[in-house]
2 protein chains.
Amino acid sequence: MAANILIVEDEESILELIAINLHQSGFNPMRALNAEYADKLIQEAIPDLIILDWMLPGMNGIEFAKRLRSNSSTKKIPIIMLTAKSDEENKIVGLESGADDYLTKPFSPRELVARIKAVLRRKSPELIDDPIKISNLHLDPSTHRVESNGATIKIGPTEFKLLHFFMKNPDRVFSRNHILDKVWGNQSEIDDRTVDVHIKRLRDVLTNNGHDKLVQTVRGMGYRFSENQEN
Amino acid sequence: MAANILIVEDEESILELIAINLHQSGFNPMRALNAEYADKLIQEAIPDLIILDWMLPGMNGIEFAKRLRSNSSTKKIPIIMLTAKSDEENKIVGLESGADDYLTKPFSPRELVARIKAVLRRKSPELIDDPIKISNLHLDPSTHRVESNGATIKIGPTEFKLLHFFMKNPDRVFSRNHILDKVWGNQSEIDDRTVDVHIKRLRDVLTNNGHDKLVQTVRGMGYRFSENQEN
DNA sequence: AAAATTCTGTCATAAAAATGTCATAAAAAT
DNA sequence: ATTTTTATGACATTTTTATGACAGAATTTT
């Protein structure tokens, strides 16, 4: 399940930049422009991780982090601090105040996503996409690689996503529209039948590597990924 | 089929957070920021479950729940209450006012999804595609597979739907028109007698897998699926 | 920046599977 | 024995899926 991540950042354009990047990386961003609003949100729903700007209007990030740590229902939420100051001292203060990681502005969104994954892996491994192995096929989301036995399989971007989706949900049947939604992203105006073509491409790739019949057609329904007998 | 779930929550970020999490869990979220709009949505289409914030602007959640309970067309919709107040008293009032479950803020979206599934399983099992097992026959809607003992049975789309319908309603007699309605969908202009043919096809499939006499003819009435003796 | 390569989505056509109807046989009821 | 209802096999048609080709987009290499 996708992790819900609260971003607390007073600079709206940065907030949005982060949110969009997180969304593209498969997270659910929640936005707060200040500590008060963040508080309000947290009182209603508990995020899986918080990205916290060091400098906030009103209450600064450190203070906010301390408050979170002192409340039993928020104590365990991992925090990643963002700061403009790069000196070591602040870093130490930040980490002491309870942050799990610390990122200096300007940072690359890629780096942030990597840090988030690292923290989540440590704190809530169930929220992270671990490597999956089914029937000699080994898919590793973090390296974006698929192996059959030891050999790396060459596979296109869409086919990778498709395979990843299937391997995360083996044996279940999905309609073309469901697949479009999950693999292409919802508001895609792509034709149903395009799925067929990519299924074909994925099948070709797998067949060339000795994996027949993993992707199965369920007539009138959609497709299924399964190492079990067809039908 | 994906359950339609109406979320009534005045805090927009939270509403959206819940909606996204429900969507990712395969539900169909309907959004309402207040009781009035919720009313409007309910009049257009009855949801399968309602998530209701205790505190709403204008009319509070309890009141709204009571209203739903007093109207015959909405009486049976399961309700899950969200509340900021954690004391027992409110919980009791909430449950007495007709809520089926109760979640205290701050809640984790994952917990909410789990509760929804639990309530649906209790109140509208037909919305949850659980596997059905009757007399060695095992039908799993999510994988779209039918097994007899461990062996997968090859079965066509219409026969699958027919079998699914029968297994969901064992031991009851259905007229051909009733079956047409439920399996083919209502506005079908298909001949009554076509049902006979598909019954035959289903019987063939089952017989080939050692299941005699599960589909029984009730002369002048229609058909019945039962593991008990005929007549 | 240009060229080369890879990737995408769509379409047309082929191939496969499923469907509904009908005629006739079989069974049950009267 | 006759009538009514159901079972069954055949089959033409329709529906659904597979596949190859292609042009434009996107990405990588040069």
Side-chain angles (χ1 to χ4, degrees), chain A residues 24 110 144-146 152-166 173-181 183-208 212-225 230-231, chain B residues 144 146 152-166 173-208 212-225 230-231:
Chain A
Q24 281 172 358
R110 201 181 291 266
H144 217 263
R145 212 166 259 152
V146 185
T152 300
I153 292 182
K154 184 174 160 53
I155 187 172
T158 306
E159 281 68 58
F160 181 89
K161 278 188 243 160
L162 191 53
L163 180 60
H164 189 190
F165 169 68
F166 272 138
V173 179
F174 296 99
S175 71
R176 292 178 174 74
N177 278 314
H178 197 337
I179 294 173
L180 272 182
D181 198 57
V183 174
W184 273 257
N186 23 10
Q187 68 280 25
S188 73
E189 296 186 8
I190 289 176
D191 195 285
D192 260 39
R193 290 288 141 189
T194 298
V195 174
D196 297 32
V197 177
H198 283 275
I199 288 281
K200 160 80 160 93
R201 287 166 182 163
L202 175 57
R203 276 173 172 161
D204 284 350
V205 167
L206 295 180
T207 302
N208 287 337
D212 258 13
K213 295 176 182 163
L214 278 177
V215 180
Q216 304 169 354
T217 302
V218 180
R219 214 154 227 273
M221 283 287 130
Y223 297 96
R224 169 178 59 202
F225 183 90
E230 207 153 347
N231 297 317
Chain B
H144 210 266
V146 183
T152 302
I153 295 181
K154 184 173 162 54
I155 187 172
T158 305
E159 282 68 58
F160 183 92
K161 278 188 239 158
L162 192 53
L163 180 60
H164 192 186
F165 168 68
F166 273 138
V173 182
F174 297 100
S175 72
R176 292 177 175 75
N177 277 314
H178 195 344
I179 293 173
L180 271 182
D181 208 54
K182 295 294 185 166
V183 175
W184 274 255
N186 22 13
Q187 72 281 27
S188 74
E189 296 184 10
I190 289 175
D191 195 282
D192 260 37
R193 289 289 141 187
T194 298
V195 174
D196 296 32
V197 178
H198 283 276
I199 289 281
K200 158 79 160 96
R201 286 167 182 162
L202 176 56
R203 276 172 172 161
D204 284 350
V205 167
L206 295 180
T207 302
N208 286 337
D212 259 14
K213 296 175 181 164
L214 277 177
V215 182
Q216 304 168 355
T217 302
V218 181
R219 219 184 157 79
M221 285 286 130
Y223 297 96
R224 171 178 56 201
F225 183 91
E230 209 153 345
N231 298 320

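The sequence lines fix the lettering, A, B, ..., with proteins before strands; numbering per chain opens at 1.
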Spacing of A:Glu189 atom CD relative to C:dT8 atom P, expressed in whole Å: 19 Å

Positive for side chain to side chain contact (heavy atoms under 4.5 Å, CB included) with A:Tyr223, one of A:Val173, A:Leu162, A:Leu202, A:Val195: A:Val195

B:Asp191 to B:Arg193 - nearest heavy-atom pair and separation: OD1-N, 2.8 Å

Five-pair end axes of the helix from C:dA1-D:dT30 to C:dT30-D:dA1 and the angle they enclose, rounded to 10°: 30°

A:Phe160 side, atom CZ; A:Phe165 side, atom CZ - distance, nearest 0.5 Å: 14.5 Å

Rounded distance in Å - NE2 (A:His198) to C1' (C:dC11): 14 Å

Touch class at under 4.0 angstrom, heavy-atom based, for B:Phe160 against every strand present: nothing

Given DNA chain D, 5'-ward residue of the pair B:Asp204 and B:Arg176, judged by closest heavy atom: B:Arg176

Salt bridge (Lys or Arg N to Asp or Glu O under 4.0 Å) between B:Lys200 and B:Asp196, intermediate numbers included: CA-CA 6 Å; B:Lys200 158 79 160 96; B:Asp196 296 32; over 6 Å; no

Side chain to side chain, B:Lys161 and B:Lys182, heavy atoms closer than 4.5 Å: no

Range on DNA chain D touched by chain B, heavy atoms, distance below 4.0 Å: D:dT4 to D:dA10

For atom CG of B:Asp196 and atom P of C:dT19, their distance in whole Å: 16 Å

Distance (rounded to the nearest 0.5 Å) between A:Asn208 CG and A:Lys154 NZ: 12.5 Å

Polar atoms only, N or O, under 3.5 Å: list the protein pairs with nucleotides 28-30 of chain C and their distances.
unit_1 : atom_1 : unit_2   : atom_2 : d
C:dA28 : O4'    : B:Arg219 : NH1    : 3.3

Residue that, paired with B:Asn177, satisfies side chain to side chain contact (heavy atoms under 4.5 Å, CB included) out of B:Asp181, B:Ile179, B:Leu180: B:Leu180

Phosphate contact (C:dA18 OP1 or OP2) by B:Thr158 side-chain N/O below 4.0 Å: no

Distance in angstrom units between A:Arg201 CZ and C:dC7 P, rounded: 10 Å

Gap separating the CG atom of A:Leu214 from the CG atom of A:Leu163, nearest 0.5 angstrom: 8.5 Å

Atom-to-atom span, CG of A:Asp191 to C1' of C:dA12 - whole angstrom: 13 Å

Whole-Å distance separating the CG atom of B:Leu202 from the C1' atom of C:dA18: 15 Å

Rounded distance in Å - CG (A:Leu180) to P (C:dT8): 14 Å

Distance, nearest 0.5 Å, that separates CG of B:Asp212 from CZ of B:Arg203: 10.5 Å

Minimum side-chain heavy-atom gap A:Phe174-A:Arg224 below 4.5 Å: no

Residue pair B:Pro157 / A:Arg219: nearest heavy atoms and the distance that separates them: CG-O, 3.9 Å

Interatomic distance, A:Ile199 CD1 vs C:dT8 P [rounded to whole Å]: 14 Å

Parallel, tilted or perpendicular: rings of B:Phe166 and B:Phe225 (30°, 60°): parallel

Distance below 4.0 Å between A:Trp184 side-chain N/O and C:dG9 OP1 or OP2: yes

